[in-house]
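Here is the structure we will look at.
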Amino acid sequence: QVQLVESGGGLVQVGGSLKLSCAASGSIFSINTMGWYRQAPGKQRELVATITSSGGSTNYADSVKGRFTISRDNANNTVYLQMNSLKPDDTAVYYCRLTTVLGGYWGQGTQVTVSS
């Protein structure tokens with residue numbers, strides 16, 4: 001089993017920055033993709049960013065490209081999302097995701113609120 005524990009959410013002003021962390025524990029398959037999704041009220045859950053186990057390939061939603069940066073520390077089994085130039089539309093619950101050929105896992109979610 002795999003557990004994903006998120007932290008770093010909170011309240012931030014427009015234009016501010018926030019860094020999310022997601023620490024994975026358990027039986028983690030070495031080849032995997034980790035990512036961040038978000039869900040705002042009345043909206044579908046959407047992909048924000050992903051990163052491969054090697055760290056060599058990243059993918060971003062168009063809405064966050066150039067503002068958000070995903071990274072990972074495999075030694076600590078942790079993935080990060082650095083969020084800059086935050087907008088009110090970024091307000092959502094952010095979920096960590098781990099995907100392998102053996103299955104996928106979700107974190108519990110952390111609230112990010114951007115005030116205007």
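Just so it is clear, the structure is predicted and the values come from calculations on it, not from any experiment. The figures that follow rest on heavy atoms only: side chains count, while hydrogens, waters and symmetry mates do not. Index from 1, following the sequence.
For Arg45 and Tyr95, the positive end sits near the middle of the six-membered ring, less than 6.0 Å away and at most 45° from its axis. Cation-pi geometry between Arg97 and Trp36 is not met at under 6.0 angstrom from the ring centre and within 45 degrees of the axis.
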With a 3.5 Å cut-off and sequence neighbours excluded, list the donor-acceptor pairs that the side chains of residues 7-18 form with protein atoms.
unit_1 : atom_1 : unit_2 : atom_2 : d
Ser17  : OG     : Asn84  : OD1    : 2.8

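A distance of 11.5 Å separates CG in Asn32 from OG1 in Thr50, rounded to the nearest 0.5 Å. Atom OG of residue Ser21 and atom CG of residue Asn76 lie 10.5 Å apart, to the nearest 0.5 angstrom. Note that CG of Leu86 is 12.5 Å distant from OG of Ser116, once rounded to the nearest 0.5 Å. To the nearest 0.5 Å, atom CZ of residue Arg67 and atom NZ of residue Lys65 are 12.5 Å apart. Distance check: Met34 CE to Ser53 OG gives 10.5 Å after rounding to the nearest 0.5 Å.
Within the 4.5 Å cutoff, the side chain of Phe29 has heavy atoms near those of the Val101 side chain. Here the side chains of Tyr105 and Thr99 are not in contact, with every heavy-atom distance at 4.5 Å or above. Side chains of Leu81 and Tyr94 form a contact here, defined as non-hydrogen atoms less than 4.5 Å apart. In this structure the side chain of Arg72 never reaches within 4.5 angstrom of the side chain of Thr78, judged on heavy atoms. When side chains are defined from C-beta on, Ile28 counts as touching Leu98, because their heavy atoms get closer than 4.5 Å.
The environment of CG in Leu102 is crowded: more than 12 heavy-atom neighbours from other residues, nucleotides or ligands sit within 6.0 Å.
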Exercise for review: Apply the test side chain to side chain contact (heavy atoms under 4.5 Å, CB included) to residues Asp90 and Met83: give CA-CA distance (whole Å), side-chain angles for both, the deciding distance (0.1 Å), then the verdict.
Suggested key: CA-CA 9 Å; Asp90 295 320; Met83 304 184 293; over 6 Å; no

Check your understanding: Can you list the steps and then say if Val2 with Thr100 is a side chain to side chain contact (heavy atoms under 4.5 Å, CB included)?
Key -> CA-CA 11 Å; Val2 174; Thr100 75; over 6 Å; no

Review point. Does the pair Lys43 and Arg38 meet the rule for a side chain to side chain contact (heavy atoms under 4.5 Å, CB included), with working shown?
Key: CA-CA 9 Å; Lys43 298 284 190 177; Arg38 67 186 182 186; over 6 Å; no

Practice item. Given side chain to side chain contact (heavy atoms under 4.5 Å, CB included), test Gln82 with Leu20 step by step and report yes or no. Key: CA-CA 6 Å; Gln82 177 66 52; Leu20 306 182; over 6 Å; no

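Put simply, the side chain of Ser57 never gets that close to the backbone of Thr52: no donor and acceptor are under 3.5 Å apart. The closest donor-acceptor contact from the side chain of Glu6 to the backbone of Gly109 lies under 3.5 Å.
Taking hydrophobic clusters as Ile, Leu, Val, Met, Phe, Trp and Tyr residues chained together by side-chain heavy-atom distances below 4.5 Å, Val112 shares a cluster with Tyr60. In the hydrophobic cluster analysis, where Ile, Leu, Val, Met, Phe, Trp and Tyr join through side-chain heavy atoms closer than 4.5 angstrom, Leu47 is grouped together with Trp106. Tyr80 and Ile51 fall into different hydrophobic clusters, defined by Ile, Leu, Val, Met, Phe, Trp and Tyr side-chain heavy atoms under 4.5 Å apart, directly or through other members.
Considering every non-hydrogen atom in both Gln111 and Val93, the closest pair reads OE1-CG2, 3.3 Å. Of all heavy-atom pairs spanning Ala24 and Leu4, the tightest one is CB-CD2, 3.4 Å.
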